[in-house]
Amino acid sequence: MRNVLDVRVLANRYVAQLNLCCPQNPSSYSLARTVHAHVIASGFKLRGHIVNRLIDVYWKSSDFVYARQLFDEIPQPDVIARTTLITAYSALGNLKMAREIFNETPLDMRDTVFYNAMITGYSHMNDGHSAIELFRAMRWANFQPDDFTFASVLSASTLIFDDERQCGQMHGAVVKSGIGLFPAVLNSLLSVYVKCASSPLVSSSSLMASARKLFDEMPKRNEFIWTTLITGYVRNDDLAAAREILDTMTEQPGIAWNAMISGYLHHGLFEDALTLFRKMRLLGVQLDESTYTSVISACADGGFFLLGKQVHAYILKNELNPDRNFLLSVGNTLITLYWKYGKVDGARKIFYEMPVKDVISWNTLLSGYVNAGRMEEAKSFFAQMPEKNLLTWTVMISGLAQNGFGEQALKLFNQMRLDGYEPNDYAFAGAITACSVLGALENGRQLHAQIVHLGHDSTLSVGNAMITMYARCGVVEAARTVFLTMPFVDPVSWNAMIAALGQHGHGIKAIELYEQMLKEGILPDRRTFLTVLSACSHAGLVEEGNRYFNSMLENYGIAPGEDHYTRMIDLFCRAGKFSDAKNVIDSMPFEARAPIWEALLAGCRTHGNMDLGIEAAEKLFKLIPQHDGTYVLLSNMYASLGRWNDVARTRKLMRDRGVKKEPACSWTEVENKVHVFLVDDTVHPEVLSIYNYLEKLNLEMKKLGYIPDTKYVLHDMESEHKEYALSTHSEKLAVAFGLMKLPQGATVRVFKNLRICGDCHNAIKFMSKVAGREIVVRDGKRFHHFKYGECSCGNYW
DNA sequence: GTAGGGTTAG
């Protein structure tokens, strides 16, 4: 038998021990289990504060199941136990269960803290309306709100308030309740004004003025209040006002400086961010993980790799004992820093040395692989990720699409939906890009419909991707419609639309659009010039192209890069001006590398300039001996000159050197279905009937003066299919198929992922004449529109 | 038993 006093002492000791438990302390859980065992062993009844503390420690140590079990064992849980359980359910995001406990609790048992817990639950789950509704009910039932209540309700208010009147009313309620002096409440009230000012629906200036007034009247300000106001100005794009507040601070809390640095960062003012960082160090302001993450991020986005590396070294030297969270967020930004400057292996090293990693770490390195085009590594990395989120899928889908793996990207997009993810605009943009790569118009249209349905069609990423998709699928009108109906456009949109016109042979229109862009005050960048030069090249606008090329450095201070010189060589070669093309190479300020010679060889193939072509090929064999494109271009060049022995010799050379050729395929859109003819060197059964149809066409073509039956092998086929392949190429097959199947008057569209050859170009020209139809054929990224024996590219194929 | 600020990935 114990006496009452002993029992109390013991109970207090248990509670004191349990109060030492906190979720940050990893031994909390076992400590609680020990106390728990002691209590039972000493014959104590589990009740009162002890059981309540146990429930609290258990759920906070991630053992909610046990906490709930304990709760159920109590015959009559008091209001504290109930409050704990409501908090636990809210933290797990299960507001339904939290509310159930709430409703089961009789009115006379409830107190203010009990209401606070439920209101906070709603507020944390971003359900502002329910939080405020409960706040009203609480006051209706005559419970007195306290400082905690207001802090939660105000936080909920920031989610839903969008006008000044509501802010004023809430302000009034706080004043009336007589609690206004608590810093937490004042800070929350300030947040309400500040967040309401960030809403696009209201005029921010008068709300920020109210916020400022509240701030000026505050009797006491803590570091959070300073920070909230600075963030407020930053979010409303008034960096000067934010800086003014920072400069008038008497104390120097690090978090306020962090807010300012992050403000500069998000407004692209990287140098200001870094200057402020230097000042922080000079004044001895406390630096923390947040400072480092922002600063490294500023280095990553602002072009300061070396400085970023210095910060990295500084951290290694001065932060001797950083905690695990520190290593996590700082490590994550360091990964970004390294891969953005092409140091994927450096990024990889940091990743694998990190003691703790989260989804962001994985996603960041995944982006690094994808961005560097290291898709094999990206794929296996993706497969071994322990946790994925929406961004993971998005990065992988658009990465696959942009690196040419269209089918895999679409497969992954479907997989993502099967896994229960609702794609966002970026994911849709990735899928649309995949359709561009594949030329899968029908698929793209279906996605377009879904995008409109889900309301993603007004976003830039989707709009820009759709312009390109429609253009590359041969329907430039649809691309134009997208461009014209987009609520906002950016330089990427202009580029995409100019490219769309250029790729379809509308060179003049492309240039007109470019001029219009200039008139609207948008500055061209390196990519714009690539687009414009391509457009000129495809339309044979030699003079214009030359003029734009010269304007790059003269008017815009942009030094032409290798890719711009490549376009110029292309431009001159298409026009047959080989000496000009050669001059371009000689005048370049750097050594000609493979892309330059490849452009020259491609140009020589088009116009059968054998000597120069051989010269270019020789250079390429030295520079990139295993590249299949050189052999294909060279043999095509010989073929266009009718030098079949040289064709055979080149192909033998390729085999002897063990060069693998990418498999090719061809498809056409007929009756809303995509028909694939040749994939990986296999022949579709329908090829035979097409072949016969083509024979008939050939006869008619002969009558019209075209000489068909070029005797060389279809590049994509091996010997077993030669019987059907001897006289035709896959583009021709596809066109013939379209002519057979599509009703008179319909346009035949062929989307192919190779460059069209001269023989096919001629053949299709005549086919369009014989059939009296419009035929659209894809040639790499651009298109040929054939009509009555003419082609949109004129003489500049 | 309940609240408030700054932070990284496309």
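Proteins get letters first, then strands, A, B, ... in listed order; numbering begins at 1 in each.
Inter-residue side-chain proximity for A/Met469 and A/Thr433 is flagged as unmet; no heavy-atom pair is nearer than 4.5 Å.
Cation-pi contact between A/Arg110 and A/Phe102: present, with separation from the ring centre below 6.0 Å and deviation from the ring axis of at most 45°. Judged by the 6.0 Å and 45° rule, A/Lys388 forms a cation-pi pair with A/Phe382. With a 6.0 Å cutoff to the six-membered ring centre and a 45° limit on the axis angle, A/Arg82 does not count as a cation-pi contact of A/Phe71.
Distance SG/A/Cys196 to CG/A/Leu159: 12.0 Å, rounded to 0.5 Å.
Within the 4.0 angstrom heavy-atom criterion, no nucleotide atom of any strand lies near A/Trp393. At a threshold of 4.0 angstrom between heavy atoms, the contacts of A/Arg221 with the nucleic acid are absent. Counting any heavy atom pair closer than 4.0 Å across all strands shown, A/Arg53 reaches sugar-phosphate atoms only and no base atom. Nucleic acid contact for A/Ser290: base, since at least one base atom lies under 4.0 Å from a heavy atom of the residue. A/Thr364 comes within 4.0 angstrom of the backbone, heavy atoms only, and of no base. No engagement by A/Phe150 is indicated, since no non-hydrogen atom pair under 4.0 Å with the nucleic acid exists. Residue-level contact check: A/Asp358 touches neither bases nor backbone, having no heavy atom under 4.0 Å from any strand. Nucleic acid contact for A/Asp78: none, since no nucleic acid atom lies under 4.0 Å from a heavy atom of the residue. Nucleic acid contact for A/Thr291: none, since no nucleic acid atom lies under 4.0 Å from a heavy atom of the residue. Across all strands shown, A/His49 has no heavy atoms under 4.0 Å from either base or sugar-phosphate atoms. Residue contacts for A/Asn424: at a heavy-atom cut-off of 4.0 Å it reaches a base atom on one of the strands shown. At the heavy-atom level, A/Asp301 lies nowhere under 4.0 Å from the strands shown. Within the nucleic acid shown, A/Thr394 comes within 4.0 Å of at least one base atom, counting heavy atoms only. As judged by a 4.0 angstrom heavy-atom cut-off over every strand, A/Val395 is placed among residues touching the sugar-phosphate backbone only.
Pairs of residues two or more places apart, or lying in two chains, that qualify as salt bridge (charged side-chain N to carboxylate O under 4.0 Å, His left out) and include a residue from residues 327-345 of chain A are A/Asp301-A/Lys340, A/Asp345-A/Arg374.
Boundaries of the chain A contact region on DNA chain B are B/dG1 to B/dG10, first to last in 5' to 3' order (nucleotide atom under 4.0 Å from a heavy atom).
Residues A/Asn363 and A/Asn332 bring no donor and acceptor atom of their side chains to less than 3.5 Å of each other.
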